[in-house]
*Asks:* 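First, the structure itself, so that you have it in front of you.
In this text, all values refer to a predicted model and were calculated from it rather than measured experimentally.
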Amino acid sequence: MSGHSEGVIRNTLAMEFRALPENVAVARVAIATFASQMNFTLGEVEEIKVAVSEAVSNVVLHAYGEEGGVVRVRAEIRGAETLYVEVSDVGRGIEDVEAAKEATFSTLPDHMGLGFVFMESFMDTLDVSSAPGKGTVVTMTKTVGSNAAASAD
């Protein structure tokens, strides 16, 4: 197929749901199913599932607290090869994004703090935009055949 332009959006998926633990699996399965329209290997789809799970779990665990809130997940197939995923919330935001991306950083005592590390190693790109009180937007891309985890060594 010709025309591998990043700019051409071939398909989109958008979901909005409550920030509940049971909805992490909903997002993971929906994005994996969406990504399966592309030529990803089963291993690449597994990496996408982990990255999406971590991004949505971060919203469930950190964004809202007891009052709860909404998670928005948007995905696009760009060109023939690239999956774009955006996970966003309007919760409490992240004070220091760079610190939050460090391995073992967590604001919760019983958590390993590896969410962003997994997202970064399993996807080709990771961008985290956040401000206290303004929410967080996590965007990730993965290109068919890029094998992000293998090239992360």
*Asks:* For a 4.5 angstrom cut-off between non-hydrogen side-chain atoms, does V52 reach V85?
*Replies:*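 Sidechains of V85 and V52: in contact.
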*Asks:* Could you tell me whether the side chains of T82 and T141 share a donor-acceptor contact shorter than 3.5 Å?
*Replies:*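 Short answer, no.
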*Asks:* Looking only at non-hydrogen atoms, find the nearest pair between R92 and H62 and report the distance.
*Replies:*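 Heavy atoms of R92 and H62 come nearest at NH1-O, 3.0 Å.
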*Asks:* Decide whether E76 and N11 meet the rule of one side-chain donor and one side-chain acceptor closer than 3.5 Å.
*Replies:*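 Per modelled atom types, E76 and N11 side chains form no pair under 3.5 Å.
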*Asks:* Does F17 form a side chain to side chain contact (heavy atoms under 4.5 Å, CB included) with V56? I'd like the steps, not just the answer.
*Replies:* CA-CA 10 Å; F17 47 85; V56 175; 4.1 Å; yes
*Asks:* As an exercise, state the distance from CE of M140 to CZ of F116, rounded to the nearest 0.5 Å.
*Replies:*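 Answer rounded to 0.5 Å: 9.5 Å.
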*Asks:* Which heavy atom of V137 sits nearest to which heavy atom of S88, and what is that distance?
*Replies:*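 For V137 and S88, the tightest heavy-atom pair comes out as CG2-CB, 3.9 Å.
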*Asks:* Nearest heavy-atom pair of I94 and S130: which atoms, and what distance?
*Replies:*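 Answer, listing the atom of I94 first, then S130: N-OG, 2.7 Å.
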*Asks:* Which pair of heavy atoms, one from L83 and one from M38, lies closest together, and at what distance?
*Replies:*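 Result for this residue pair: N-CE, 3.6 Å.
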*Asks:* Look up atom CZ in F40 and atom CD1 in I48, then write down how far apart they are to the nearest 0.5 Å.
*Replies:*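 CD1 of I48 is found 4.0 Å from CZ of F40.
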*Asks:* What is the distance from atom CZ of R74 to atom CD1 of I31, rounded to the nearest 0.5 Å?
*Replies:*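 It comes to 10.5 Å.
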*Asks:* In terms of hydrophobic clusters joined by side-chain contacts under 4.5 Å, are L13 and V73 together?
*Replies:*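 Yes: a chain of side-chain contacts under 4.5 Å links L13 to V73.
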*Asks:* Go through it in stages, so that I can follow the logic: the residues are N58 and V138, the test is side chain to side chain contact (heavy atoms under 4.5 Å, CB included), and I'd like the CA-CA distance, side-chain angles, deciding distance and then a yes or no.
*Replies:* CA-CA 10 Å; N58 277 353; V138 172; 6.0 Å; no
*Asks:* Using the rule that Ile, Leu, Val, Met, Phe, Trp and Tyr join whenever any side-chain heavy atoms are under 4.5 Å apart, tell me whether V45 and Y84 fall into a single cluster.
*Replies:*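 Not linked; separate clusters.
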*Asks:* Any idea which heavy atoms bring V71 and V87 closest together, and the distance?
*Replies:*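 So the two residues come closest at CG1-CG1, 4.0 Å.
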*Asks:* Give a yes or no on whether the backbone of E54 and the side-chain of S57 come within a donor-acceptor separation of less than 3.5 Å.
*Replies:*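 Flag not set: sc S57 to bb E54 has no pair under 3.5 Å.
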*Asks:* Is there a side chain to side chain contact (heavy atoms under 4.5 Å, CB included) between T136 and V128 once you walk through the steps?
*Replies:* CA-CA 7 Å; T136 302; V128 182; 4.1 Å; yes
*Asks:* Under the rule for side chain to side chain donor-acceptor pair (under 3.5 Å), what residues qualify as partners of Y64, not counting sequence neighbours?
*Replies:*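 Partners of Y64 under the side chain to side chain donor-acceptor pair (under 3.5 Å) test: none.
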*Asks:* Would you mind reporting whether V60 and N23 have side-chain heavy atoms less than 4.5 Å apart?
*Replies:*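 No. Closest side-chain heavy atoms not under 4.5 Å.
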*Asks:* Just grab all the salt bridge (charged side-chain N to carboxylate O under 4.0 Å, His left out) pairs involving residues 14-26, residues at least two apart or on different chains.
*Replies:*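 Qualifying pairs: E16-R72.
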*Asks:* If you look at every heavy atom in A30 and M15, which pair is closest and at what distance?
*Replies:*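 Closest pair (atom of A30, atom of M15, distance): CB-SD, 3.6 Å.
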*Asks:* Counting only heavy atoms from other residues, nucleotides and ligands, does the tally under 6.0 Å from CD of E95 exceed 12?
*Replies:*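 Atom CD in E95 is not packed in, count stays at 12 or less.
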*Asks:* Can you measure from CG (L126) to OG1 (T139) and round to the nearest 0.5 angstrom?
*Replies:*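 Atom-to-atom, L126:CG and T139:OG1 are 7.0 Å apart.
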*Asks:* Which residue is it: E47, E44, E120? I am looking for the one with a salt bridge (Lys or Arg N to Asp or Glu O under 4.0 Å) to K142.
*Replies:*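 Between K142 and the candidates, salt bridge (Lys or Arg N to Asp or Glu O under 4.0 Å) is satisfied uniquely by E47.
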*Asks:* In terms of hydrophobic clustering (I, L, V, M, F, W, Y; side-chain heavy atoms under 4.5 Å; direct or indirect links), are V59 and V26 co-clustered?
*Replies:*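 Not linked; separate clusters.
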*Asks:* Between D124 (side chain) and T143 (backbone), is there a donor-acceptor pair under 3.5 Å?
*Replies:*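 Confirmed, D124 side chain pairs with T143 backbone.
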